[in-house]
Amino acid sequence: MIVRNVDVAVLGAGPAGMAAALAAARGGADTVLIERESHLGGILKQCVHDGFGLVRFGEKLSGPEYAGRFVRMVREAGLAVLTSTFVAEACRDGDESILMLVDRRGVTELHAKAVVLATGCRERSARQVMIQGTRPAGVMTAGAAQYYVNVLGYLPTTRCVILGSGDIGLIMARRLTLEGAEVLGVFEAKSIPSGLSRNIAQCLDDFGIELHLSRTVTRIFGDDRVEAVETAAVDEKMRPVAGTEERLSCDGVILSVGLIPENEVAEALDVPIDPATRGPLMDQNGQTQVLGVFVCGNASHVNDLVDYVSESGERAGAAAAAFVAGRRTRRLLPVIADSTVLLYAVPQFVDMDAPESGAVVYFRSREELGVTVVQVTAGGETVARHRYQHLRPPEMERLEIDLSRIPFDITFLNIGTESVAVAEVKS
Ligand SMILES: Cc1cc2nc3c(=O)[nH]c(=O)nc-3n(C[C@H](O)[C@H](O)[C@H](O)COP(=O)(O)OP(=O)(O)OC[C@H]3O[C@@H](n4cnc5c(N)ncnc54)[C@H](O)[C@@H]3O)c2cc1C
């Protein structure tokens, strides 16, 4: 078996991983970028719609265009890149991480002083939502449908329903319609949509596709291929309401029922996971509870904007290089989110020994709120605050903290709302 040593190994070459590898190399670390697919770009390769890069480049790019800019930077920087290489196993050995890389030639044992996990997220599948009936062909996740249409050039359904109102499902409702399929509706069990408002407007309203809230798919019919589904209204506990069933003929059921950070490698490295985000517990630079193991992008928590994914990659890559160069001490303050108003906040810790980078806290609200002031307090003092016109669970928000404002004797920070001026906004 080949054994290789490296300063920083970056796992996953989506936008997070590419940004992390570039930053680690800029920081002077001998860096390798590892990707299981044959091309760099991650999920962006299949996102042919525009809306990427407004924050970073001030332009509305498609996913491949946004990825292309980073691929070019990776090439120009002369980074070591391993494609078609899968990280099959990982373990810790003292201060190092050992990764087992599998490619066409066999297995390589890679010893890395620091690892950046940029493995993205995976979609919840049909097995994770309880639907009665048979398991015929034609039931697929929205990401799989997107891959069929945008990468392989196949139309996987001619008449379908979409279950769940996540952004990928909304985008695929429009894409399938443009490609000639009939989308009978988007069915969402919750009383509010899961996707961004702009996607509801641009992907459903503009194409006359109906969004059915508090309604779900209760049965799938068909032997070899989906022939029909049954939908029904649900009550506030998500139980189907008898007498509201409707049968719809279709040959496809597209699932858009949530994303989960991909963290098999993190778990193999004994990295503690936050049950709220399903990603690792981390500080503002993505360093997890295991020294020398960093995380960024959708592997840390599910992001809706690629610009912030790249931002988190840059922070993690730069911090991994600093770690390799000798920065080992940390003074961690927990960031405690008020769970009555916030679904989660990341990072879960700030490292006061790395104050030069400041800290960016990302959070989602638990429910829809109108004008809201969110603040971070340290021992009763406000150290960061921002007024938001509205907060909605599908929209991740961001708040910058100047760490120099935090008194030395503080042991934790709180993030919550200072005021909610207009109670609840109904969309
Ligand atoms: C359908 C869709 C539409 C979106 N629309 C927008 C939009 O309009 N605007 C916007 O700003 N953002 C949008 N986003 C969000 C944004 O694009 C994503 O959050 C971002 O691309 C995620 O980047 P990532 O690098 O964290 O993960 P990914 O792009 O998923 O990259 C992870 C990479 O890791 C690799 N990998 C995983 N495990 C291993 C392993 N064990 N070994 C080797 N490699 C591995 C994978 O193959 C993959 O290439 C959208 C996302 C989706 C899914």
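All ligand and atom numbering here is 1-based and tracks the order in the structure. Side-chain atoms are counted along with the backbone in the values below, which use heavy atoms only and exclude waters and symmetry mates.
For the pair Leu11 and ligand 1, no heavy-atom separation below 4.0 Å is found. The shortest heavy-atom distance from His49 to ligand 1 is under 4.0 Å. The closest approach between any non-hydrogen atom of Val302 and ligand 1 is not below 4.0 Å. Every heavy atom of Glu89 sits 4.0 Å or more from the atoms of ligand 1. Within the structure, ligand 1 has Asp304 among the residues with a heavy atom less than 4.0 angstrom away.
A salt bridge between Asp283 and Arg330 is present, with a side-chain N of the basic residue lying under 4.0 Å from a carboxylate O of the acidic one. In this structure, Arg69 pairs ionically with Glu59, as a charged nitrogen and a carboxylate oxygen lie closer than 4.0 Å. Between Asp304 and Arg364, at least one side-chain N (NZ, or NE/NH1/NH2) sits under 4.0 Å from a carboxylate O, which counts as a salt bridge.
Not one N or O on the side chain of Thr85 forms a donor-acceptor pair closer than 3.5 Å with the backbone of Leu101. Asn199 places no side-chain N or O within 3.5 Å of a backbone atom of Asp167 that could act as its donor or acceptor partner.
Distance remark: protein heavy atom not present below 4.0 angstrom from atom 51 (C) of ligand 1.
Considering Glu37, Arg198, Glu35 only, the shortest heavy-atom separation from atom 46 (C) of ligand 1 involves Glu35. Proximity annotation for atom 9 (N) of ligand 1: of Gly63, Gly51, Cys296, Ala268, Gly51 comes nearest, heavy atoms only. Considering Gly42, Gly12, Ser84, Ala118 only, the shortest heavy-atom separation from atom 32 (C) of ligand 1 involves Ala118.
The aromatic rings of Tyr148 and Tyr154 sit tilted, their planes meeting at an angle between 30° and 60°. Relative orientation of the Phe52 and Tyr66 rings is tilted, given thresholds of 30° and 60° on the angle between their planes. Note: Tyr344 and His301 have perpendicular aromatic rings, judged against thresholds of 30 and 60 degrees for the angle between ring planes.
Under 4.0 Å from ligand 1, heavy atoms of Pro15 appear from its side chain as well as its backbone. Here Val309 has side-chain heavy atoms under 4.0 Å from ligand 1, and that is the only part of it that gets that close. For Leu259, no heavy-atom contact with ligand 1 is shorter than 4.0 Å. Counting heavy atoms closer than 4.0 Å to ligand 1, residue Gln146 contributes side-chain atoms (C-beta onward) but none from N, CA, C or O. Heavy atoms of Ala142 found under 4.0 angstrom from ligand 1: none, in either backbone or side chain.
At a 3.5 angstrom cut-off on N or O pairs, Asn298 counts as close to ligand 1.
Around atom CD of Glu89, no more than 12 heavy atoms belonging to other residues, nucleotides or ligands sit under 6.0 Å away.
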